[in-house]
Amino acid sequence: MSPRRTETGGRIDRLRTIRFTFDGAPYTGHAGDTLASALLANGVTLFGRSFKYHRPRGLLAAGVEEPNALVTVLRGEVREPNIAATMVEIYDGLVAVSQNRTPSLAWDIGALNQLGGKLLSAGFYYKTFMGPVIGPLKGTRFWMFCEHFIRRAAGLGKAGTAPDPSRYERMNAFCDVLVVGAGPAGLMAAKAAADQGARVILADLEAHFGGSANWSGETIDGMPAAEWAQRTVAQLGGNDNVRLLPRTTVWGYYDGNTLAALERVTDHKEAPAKGEPRQRYWAIRAGTVVLATGSFERPLVFPGNDRPGVMLAHAAERYVNEYGVLPGQRIALFTNNDSAYRSAVALKKAGATIVAIVDVRADVSNDMRRLAGEAEAELLDGHAVVATEGGKALTGLKVQRFDATSGALSGDARSIHADSLLMSGGWSPTIHLASQAGAKAEWDPARQAFLPPKPTQRWIGAGAFTGSFSTAEAIAEGRAAGVSAAGGTAAPAAPPIVEAAPGDPDPAPVFEIKAKGKSFVDFQHDVTAEDVRLAHREGFVSVEHLKRYTTLGMATDQGKNSNVPGLAIMAEALGKPIPEVGTTRFRPPYTAVSIGSLAAERFGDLKPERLTPMHDWHIANGATMYSAGLWYRPMIYGLPGETVEQAYVREARATRESAGIVDVSTLGKIAVQGPDAAEFLDRVYTNMFSTLAVGKARYGLMLREDGLAFDDGTTWRLGEQEFLMTTTTANAGKVMQHLEYFLDVIWPELKVTVTSVTDEWAGAAIGGPNARAILAACVKDTAVDNATLPFMGIVHGRIAGVPVMICRLSFSGEMAFEVYSGAGYGTHVWEALIEAGQPFGLVTYGLEALGTMRIEKGHVTGAEIDGRTTARDLHLDWMLSKKKPFIGSAMMDREGLIAPDRLELVGLIALDNRPLNGGGHIVEELDEDNPHDSLGHITACCYSPALGKYIALALVKGGKARHGTRAFVSDPLRRRFGPIEIVSNHFYDPDGSRMHG
């Protein structure tokens, strides 16, 4: 038997022994243990070191709010730091190590920081920025001296560098009712909603549903609460309309009742089963949310409250009732409310000696006196703990008479021998998600806690989340919330009968015992009560400033333990009530979220690899692929022995001589629909779209609000209220955000919807003198002659039996057509087009040839629309409508945007017949040793098969006026210097005769 393991009790499987290591030492536990409970059962009291002072720290809590026992879990070379030991389920072979200590947890040289005293008080690093005057180390010089050491000391766990081999998944889920929290309130809410026929998702961050029912020791409907919870979960699991998500933390509440959750699928297993991911990221869109997230017990602030062996009372009760582990043999309790008395009775029944219950209240009720007698504890009412004793483990405490009204101590201090001190400072509802959803928390003076705000989204609260701390209230509220969330009505039914210890949930308004010694508010960051008062003295009166100056409630804690005590001390210093001081707004994530889960199926890359529907065909047919934006696209289809330049010159020349085909599936495609769609496009584009006929397309230009060019593309009118907008590949996401912003924020009255359909369509552009003939050979159900399909016309037909939409447009200077089909048929249509083009010598070409032909034509892309150019700079001022306002029209004529010396688009020809490089500068006088006086720069360049020369597009000061003049390219980084001629950007087909056919 382990030193602190009880002989019976708990919900662990005592017949299954689990072996694991902590800091290299072997330990055993049982199935169902957490790392915290297993180590505590083995007599371990020292779990970690605090951030700043490296003080020894033990367990404070039993759940996700644990601030002290943070460990790093090792799986081979992969390490995951800063995990609460209370949330790590043990498994055979688990390897965990402690953090923030050198050389060991027991003997940490960092503990010398405790000698720093006031030098390391709140904001010491900010003061170090300014620096004292110490010899030559004046001002910022002192900071530069200290910076290296401060940065090395920052943080707790050490991140790993080995690649993560784990697999992650992403899921999207939709439900009528999402219930967050599976305690008694959440279980009843889920059951009530499911009984109404609603689609329900029930999520809880613990491994086992039931919440407090698993450790409260209460009875519900004549059975132990844990058994009642198991029975309710089994009933829910048998419903087809219920999805149960254990080990799932709902960590973010966003607009539109969208919530983010992280499911830990195999973190508790030695090895995942075949096909199992490590974690699964859920994006849940719910009709209504029931928040049944419970509450956290608060610590009390008094000298020595951080010593190993000092723990929250409910945590001790949970360890003994759920895991069969005693926090100590001689236990004292310190409280300002009734809930600690139930914990004392539970610990007594499990075999502990309760040496004292220290209560700050002088008027303890008769019910509580009876419970103290049942626990055989000495009741010290009207007393407070003023000190603790011991080193790496608690050996005793000191108590003194206390006046809860004035906060004054009196009489002599008395020593009590104990190896565990349990404290209870009242309860704080877990309102993090409600705060994220919007609105300000409301202070309840009776509960001495912040209660959830009035809903601004569709959520309903139940149980301890609302400040209803009894199980009977939680069950009643949960049932009512479930019925309401499902939109139903339920006949009155007899609620389950709950038998529980008596108790008043309202605590005395006592948060701190002012006595000699360090009293900690934030255990993780070593923020003391005096640090909070120091922040006040130094002028930090806002709670947000207090948080950042002292680091109170930051990192993994996020105010779970420290928020209310810290605010209470700040309020006292300000001489204001707590609600006037307010509370910080909670932000996602509620707990730490792995980057791997956010990346989901993709790992090892900084961005996803998007593949077009024809990707496999390109690979099979010799394409050299490369990343272009978020997509992988063919660069060239090289023949054996060809260089990149030889390949793209061959492809471009063949296209101009006969025909070529290129995959354009990556173009951004946005469906713009609704009665006001045409009006919306008139406002978005610089030119008119409301006059566009159905079945026609038009080239359009967008500006940013500041008047600079944003994006270009064609938009097709498919119906009176339906348009298909195309954007450049790289800007698809930005344009979508741009449109959504103006619809949601600026013009919400417009009846328009925008939908990204980029992935819905596969696209192929076929161009060249024989392009029409090739289409005529394979397109059915429509003609493609000039009368039926004129320039910028749209037709619908079939290719190889697949419905297609064809628009005649060109960016290459050749007659060209874009052919779109459903993405699933992309390869099928692509192959049919290639087969039809074989008699004509059709070639497939990649981005290099595509870029070559657009440079020859002088068409702009992202290289020229770089966020600094205007429509006039790009010679697109003919597209600026004078009949209507549009985004950017108010700003486009600013003095700086119409200056005569602005960079303008030009063409360049290399006079020395050598390649040019993007980014190379244009100068009037060549000085290779001291390059200076740049006129502009090259944006895109290539070898032109149409001209037989190396050419480029460039942005040059006074560009149009320089046509026909000579200058030099100056590219010192690549040692490329030489003469060039500045010409029009339209190298090829300047009158459009080939394009219009």
* Given the side-chain rings of Trp830 and His618, with only the six-membered ring counted for Trp, is the space between their centroids under 6.0 Å? -> yes

* For this output row, return yes or no: ring centroids of Tyr988 and His859 closer than 6.0 angstrom. => no

* **Verdict with reasoning, Phe689 to Arg698, per side-chain contact (heavy atoms from CB on, under 4.5 Å)** => CA-CA 8 Å; Phe689 275 81; Arg698 181 168 290 167; 3.7 Å; yes

Rounded to the nearest 0.5 Å, how far apart are [atom1] of [X] and [atom2] of [Y]?
X: Tyr943; Y: Tyr950; atom1: OH; atom2: OH; answer: 7.0 Å
X: Ser821; Y: Arg798; atom1: OG; atom2: CZ; answer: 12.0 Å
X: Leu667; Y: Thr612; atom1: CG; atom2: OG1; answer: 11.5 Å

* With Tyr845, which residues qualify under side chain to side chain donor-acceptor pair (under 3.5 Å), at least two apart? -> none

Should the pair [X]-[Y] be classified as a salt bridge under the 4.0 Å nitrogen-to-oxygen rule?
X: Glu904; Y: Lys960; result: no
X: Asp176; Y: Arg199; result: yes
X: Lys734; Y: Asp711; result: no
X: Glu856; Y: Lys949; result: no

* **Heavy-atom check, side chain of Val672 versus side chain of Phe680, under 4.5 Å** => yes

* Would you check if Leu833 and Ile799 make a side-chain contact, meaning some heavy-atom pair closer than 4.5 Å? => yes

* With sequence neighbours left out, write down each residue that passes side chain to side chain contact (heavy atoms under 4.5 Å, CB included) with Cys807, or none if nothing qualifies. => Ala697, Trp716, Ile794, Leu809

